[in-house]
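Here's the structure we're looking at; comments come further down.
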Amino acid sequence: MLNIDTLVPDIHAINACIGKAFPGPMATSHALLARKDESSARLLAPEALAAEADALPIEQEPVSEPRAPTPRTTGSLAHQRFAALLSAPTVDLVQLQKLSWKGIPPQYRPTAWQLLMGYLPLSASRRTPTLQRKRKEYADWKQQTFARGDGALDKQLWHQIQIDVPRTSPGSPVFQNPLVQRSLERVLYCWAARHPASGYVQGINDLLTPFFSVFLEDAAIAEAELEHVEADSFWCLTKLLDGIQDNYTHAQPGIQRQIVKLKELVMRIDRPLALHFESENIEFIQFAFRWINCLLMRELSLASIVRMWDTYLAEQNGFSNFHIYVCAAFLLKWSKRLQQMDFQEIMEFLQRPPTLDWTAADVELLLSEAYMFKCLYHDAPHHLS
């Protein structure tokens, strides 16, 4: 029988942690509870939780479920809130982060992302001059870089970029457009030329596509518009990579550290899965390197990634710290299946996880579970040592 007095950590503490930022009823029956194990405290998987819940006596007072972030706000209310917030003389960044966590309506996403990235100033009166200045600065760099033609460029760098860009979002007609591909190539080359400590690394091309996708919106692609999208995407990519630059310097130490953290986190939350990986000689670097290097862009659709980035941009260090909890939630989603597989089957599954039919609701469930893991472990680093 489940003894409520032995629940670790305190369920009410979890509720308080999550409820502060995300009030509302539990959005899914897959909430995670914690209990004390003979050897260590661990989170129960949904299946184990259901089995123990069945043993509760009928007269037992029900245990409160942890409160997960509510689903994305939809309809006119969300539109009204974003419209009012973004039309203010000075945008309240904290309120924008809270609203954006649950998803941003598409028509407000370009402005919201640029504000959350720190590319646009919060003051409305400064935005137009800032955009004009930054777009001109990028245009001048581009002119200087490509003035003498492709033959004057770093041949090895330019060749690698030209190989990678056509492979970027191959299923998207937008990213197979020659104008867009040329634009992507210019952004990547200009960024690499101005960041010689890291230079261009395969995977950075993937990180550029959400910005282009959002800033282009659904408008027809015209060269004049594309120039603005190109400049804005360059600056936002720069802001993004500034926060995770050690992922792309020599030996990519940032990714190496995050893989270690992910392994420790999975061992803590789902020890049977971690031990099964060990028994099958699965090293986390074999699958998690790409998850971190490309921020799961090879595993999820572009639409899912865009929705996920709404939350990442609203989180402090969303593309580094919070992403590890998302990777853990993503892996543990398949735990039961993975524990029935051998080495070859595991590797094939993790390289092509079944996410083609994922909807916004699936992404929001993933983010909710990641947030609960963050609440439980981020401020308790001794759990991960």
Side-chain angles (χ1 to χ4, degrees), residues 18 21-22 68-69 97 100-104 113 116-118 198 201-211 214 236-249 252-270 284-334 350-351 353 355 358 360 362-381 383-384:
I18 299 174
F22 311 106
Q97 290 169 333
S100 299
W101 210 104
K102 302 175 184 181
I104 305 172
W113 275 27
L116 291 166
M117 291 294 307
S198 55
V201 175
Q202 285 180 297
I204 294 178
N205 57 306
D206 292 304
L207 307 187
L208 182 57
T209 56
F211 295 120
V214 168
C236 287
L237 178 70
T238 299
K239 290 276 189 181
L240 168 62
L241 294 178
D242 282 350
I244 55 174
Q245 190 163 353
D246 62 350
N247 284 7
Y248 305 104
T249 54
Q252 299 180 272
I255 293 179
Q256 302 290 342
R257 288 193 301 270
Q258 288 177 301
I259 290 173
V260 171
K261 288 181 182 178
L262 177 61
K263 181 178 180 179
E264 292 172 346
L265 186 60
V266 171
M267 177 65 80
R268 183 64 182 151
I269 299 171
D270 193 340
F284 274 66
I285 196 171
Q286 293 171 317
F287 63 89
F289 185 92
R290 190 174 78 176
W291 290 10
I292 298 169
N293 186 61
C294 301
L295 296 176
L296 287 174
M297 289 203 59
R298 306 283 179 88
E299 287 67 38
L300 298 172
S301 69
L302 183 56
S304 294
I305 290 295
V306 167
R307 169 59 192 91
M308 197 157 69
W309 280 26
D310 289 345
T311 298
Y312 279 22
L313 288 166
E315 278 279 333
Q316 185 177 12
N317 300 318
F319 293 95
S320 52
N321 292 341
F322 188 66
H323 181 63
I324 294 305
Y325 295 99
V326 171
C327 287
F330 188 68
L331 178 63
L332 298 183
K333 182 178 182 65
W334 323 106
L350 293 179
Q351 287 171 6
T355 60
W358 270 33
D362 295 297
V363 176
E364 286 155 7
L365 174 58
L366 181 71
L367 293 167
S368 299
E369 292 173 340
Y371 187 81
M372 284 190 281
F373 290 150
K374 178 191 170 188
C375 279
L376 289 168
Y377 295 103
H378 186 65
D379 293 325
H383 287 319
L384 302 180

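We count residues from 1, following the sequence as given.
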**OP:** Decide yes or no for Ile259 and Ile292: does some side-chain heavy atom of the first lie under 4.5 Å from some side-chain heavy atom of the second?
**Re:** yes

Subject >> Euclidean distance, Met308 CE relative to Leu300 CG, rounded to 0.5 Å >> reply: 5.0 Å

Subject >> Distance-minimising heavy-atom pair for Met297 and Asp206 >> reply: SD-O, 2.9 Å

Original post:
Rounded to the nearest 0.5 Å, what separation is found between the CD1 atom of Ile269 and the OH atom of Tyr377?
Top reply: 5.0 Å

Original post:
Should the ring pair Trp334 and Phe330 be called parallel, tilted or perpendicular, given that the plane angle runs from 0 to 90° and is split at 30 and 60?
Top reply: perpendicular

Original post:
What is the distance from atom CZ of Arg257 to atom OG of Ser320, rounded to the nearest 0.5 Å?
Top reply: 10.0 Å

**OP:** Starting from the C-alpha separation in whole Å, work towards a yes-or-no answer on salt bridge (charged side-chain N to carboxylate O under 4.0 Å, His left out) for Glu315 and Lys374.
**Re:** CA-CA 11 Å; Glu315 278 279 333; Lys374 178 191 170 188; 2.5 Å; yes

**OP:** List for me each residue that meets side chain to side chain contact (heavy atoms under 4.5 Å, CB included) alongside Gln351, sequence neighbours excluded, and say none if there are none.
**Re:** Arg290, Met347

**OP:** Over all heavy atoms of both residues, which pair between His323 and Trp291 is shortest? Give the atoms and the distance, please.
**Re:** NE2-O, 2.9 Å

Original post:
Heavy-atom distance under 4.5 Å between the side chains of Val306 and Trp113, does that happen here?
Top reply: yes

**OP:** Mind checking the CG-OH spacing from Leu366 to Tyr325? Nearest 0.5 Å is all I need.
**Re:** 14.5 Å

Original post:
Is the shortest heavy-atom distance from the side chain of Leu313 to the side chain of Gln97 under 4.5 Å?
Top reply: no

Original post:
Is there a side-chain contact between Leu331 and Leu350, using heavy atoms and a 4.5 Å cut-off?
Top reply: yes

Subject >> Test log, rule side chain to side chain contact (heavy atoms under 4.5 Å, CB included), inputs Ile255 and Ile285 >> reply: CA-CA 9 Å; Ile255 293 179; Ile285 196 171; over 6 Å; no

Subject >> Evaluation steps, side chain to side chain contact (heavy atoms under 4.5 Å, CB included), between Leu367 and Arg307 >> reply: CA-CA 10 Å; Leu367 293 167; Arg307 169 59 192 91; 3.9 Å; yes

**OP:** Would you check if the side chain of Thr249 reaches a backbone N or O of Ser198 as a donor-acceptor pair within less than 3.5 Å?
**Re:** no

**OP:** Of all the heavy-atom pairs spanning Thr209 and Leu302, show the shortest one and how long it is.
**Re:** OG1-CD1, 4.1 Å

**OP:** Please confirm whether the backbone N or O of Ala314 pairs with a side-chain atom of Ser100, one donor and one acceptor, at under 3.5 Å?
**Re:** no

Subject >> Centroid-centroid under 6.0 Å between Trp309 and Phe211 rings >> reply: yes

**OP:** Applying side chain to side chain contact (heavy atoms under 4.5 Å, CB included), run through Phe373 and Ile324 and close with a yes or a no.
**Re:** CA-CA 10 Å; Phe373 290 150; Ile324 294 305; over 6 Å; no

Subject >> Check: Ser301 side chain, Ser304 main-chain N or O, donor-acceptor pair, under 3.5 Å >> reply: yes

**OP:** Please name all residues satisfying side chain to side chain contact (heavy atoms under 4.5 Å, CB included) with Val201, sequence neighbours left out, ordered by chain then number.
**Re:** Ile204, Tyr248, Gln252, Asn293

Original post:
Could you state the interatomic distance from CD (Gln258) to CZ (Phe284), rounded to the nearest 0.5 Å?
Top reply: 14.0 Å

Original post:
Say you draw a straight line from CG of Asp270 to CG of Leu265; how long is it, rounded to the nearest 0.5 Å?
Top reply: 10.5 Å

Original post:
Where do Gly203 and Cys294 come nearest, in terms of heavy atoms and distance?
Top reply: CA-SG, 3.8 Å

